[in-house]
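What you see below is based on every heavy atom in this structure, not just the backbone, and it leaves out hydrogens, waters and symmetry mates. It should be emphasised that the depicted structure is a prediction, and the values quoted were computed from it without experimental measurement.
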There are 2 protein chains.
Amino acid sequence: MARTQGSRADITGPLIRDHARRLFARQGYAAVSMRQIASAVGVQAGALYAYTPDKQALLFDLMESHMRDLLAAWQDEPAADPLQRLENFVRFHIGFSLDHSDAVFLSYMELRNLTPDNHARIADLRGRYETALENILRDGIESGMMFVDDPKLATMALIAMLTGVTNWYREGGRLDRQRIGDIYWGLARGAVGAA
Amino acid sequence: MARTQGSRADITGPLIRDHARRLFARQGYAAVSMRQIASAVGVQAGALYAYTPDKQALLFDLMESHMRDLLAAWQDEPAADPLQRLENFVRFHIGFSLDHSDAVFLSYMELRNLTPDNHARIADLRGRYETALENILRDGIESGMMFVDDPKLATMALIAMLTGVTNWYREGGRLDRQRIGDIYWGLARGAVGAA
DNA sequence: GTCTATAGCGTGATAGAC
DNA sequence: GTCTATCACGCTATAGAC
């Protein structure tokens, strides 16, 4: 089958996702036009519709694949020491959030721009991730290594604290990632009463 | 001076601000039209421009007045015990955030939709508030009551943790505000090494 | 202060050529 | 798969009547 003029299907798809993610994160879904995305990619707006049925599906795909990537990347070791598992989680969450800061930002800022059905699916994935942390806290409490009044609230509090790194982190700043992980692990360990 | 037909200047201004705040917080600044705000208030879109020069100024006014209200509401007692001051801050921040959740959400979600000049002014106000907490932590460290590696990061971490309450809190939920304050104070106290 | 009407422009999405 | 052209609509903001 002969290639049609100017076709670059193998790279255009990923480029659309990359630029859309970046633009949505920086300006907000509603503020970004399909023309703007197309311009960043280097195609005309009409060409985008060969890859996505509409703008909403593009947003949902970005958020869903991010949540699936996050869940797939987190590898718990349920048999290990709960404190060690918590330290792993803290360092993992910070590292993943900084490596995918646009997707992280998108996935908790643009929930409101999803259709109700799409919203429910993302919320479900998010809930699974929160449960992963909550289970660590419950195991830590049960084993007497952690002291937390309310594991559910502690889960939300810790995730909010850790994700907050993306709000101020700048590449090449005062602290490197290892050091940031150390500091946040110290805060988290204290918060769960295991200082 | 005779009143013109249908004029309700005394209440329209606040109503515009109230509805704009609510709509911006729920749907995002870019996704809300001036017509939508006007409709919620009960006037035609053109009438809004008697109260604001444009949409951007309306957003900025909402954010700036929120930050000023926040700074005015926080009353530190520099002479008191640093731990007591931290507890006060924790309970204050959660209470204020829940009482003004739309404004809180707006003020950290829509920074990207401000002009650079307006952005700098909001960032300055936010910085002052962060400094208020940072000073408590520094005093706590100096007095040997707190153990924190990096007061700057601990400040960002604590504020992110506390503000996160607005993400999941629902009126009439499992926990009342007092109890939520107790739990978060426990987490914060532990995080700063004062459990 | 509020209304109606509208200018001027940008939007998401589609049709049809290549 | 990409382009050009376009439809139909919504947007911010303004003008002028009352």
Residue pair Met156(A), Val165(B): steps toward the side-chain contact (heavy atoms from CB on, under 4.5 Å) verdict: CA-CA 8 Å; Met156(A) 302 307 285; Val165(B) 171; over 6 Å; no
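- Comparing dG1(D), dC3(D), dT2(C) by their closest approach to the side chain of Ala47(A) singles out dC3(D).
- Note: CD (Gln27(A)) to P (dT11(C)) measures 11 Å, nearest angstrom.
- In terms of position along DNA chain D, the nucleotide closest to Ala45(A) lies nearer the 5' end than the nucleotide closest to the other residue of the pair Ala45(A) and Gln56(B).
- In this structure, the CD1 atom of Ile16(B) is 15 Å from the C1' atom of dT12(D), given to the nearest Å.
- Backbone-only contact: Val32(A) has heavy atoms under 4.0 Å from sugar-phosphate atoms and none from a base.
- Put simply, CG on Asp54(A) is 5 Å from P on dA13(C), counting in whole angstrom units.
- In this model, no side-chain donor or acceptor of Arg35(A) finds a partner on the base of dG10(C) within 3.5 Å.
- Between Lys152(A) and Glu134(A), some side-chain heavy-atom pair lies under the 4.5 Å cut-off.
- When rounded to the nearest whole Å, the span between CG of Leu15(A) and P of dG1(D) equals 15 Å.
- Computed from coordinates, the Asn113(B) CG to dT12(D) C1' distance equals 15 Å when rounded to whole Å.
- dT14(C) atom P lies 10 Å from atom CE of Met34(A), rounded to whole Å.
- Inspection of the Ser65(A) and Arg17(A) side chains reveals an N or O donor paired with an N or O acceptor under 3.5 Å.
- Among the nucleotides dG1(C), dT12(D), dA13(C), the one closest to any side-chain atom of Tyr51(B) is dG1(C).
- Taking atom CG on Leu23(A) and atom P on dG12(C), their separation rounds to 12 Å, with Å as the unit.
- Rounded to an integer number of Å, the gap from CD of Gln36(B) to P of dG10(D) is 13 Å.
- The side chain of Gln44(A) sits closest to dC3(D) out of dT4(C), dC3(D), dG12(C).
- Residue Met63(A) is tested with Asn118(A), Asn113(A), Ile122(A) for a side-chain contact (heavy atoms from CB on, under 4.5 Å); the sole match is Ile122(A).
- Look at Ser33(B) and you won't find any side-chain N or O under 4.0 angstrom from OP1 or OP2 of dG10(D).
- Minimum atom distance to the side chain of Lys55(A) is reached by dA13(C), of the listed dC3(D), dA13(C), dT2(C).
- Using the six-membered ring where Trp is involved, Phe92(B) and Tyr129(B) have ring planes that are tilted, between 30° and 60° apart.
- Nearest nucleotide to the Thr12(A) side chain, out of dT14(D), dT2(D), dG12(C): dT2(D).
- When the nucleotides dC3(C), dA13(C), dA13(D) are ranked by their closest atom to the side chain of Tyr49(B), dA13(D) comes out on top.
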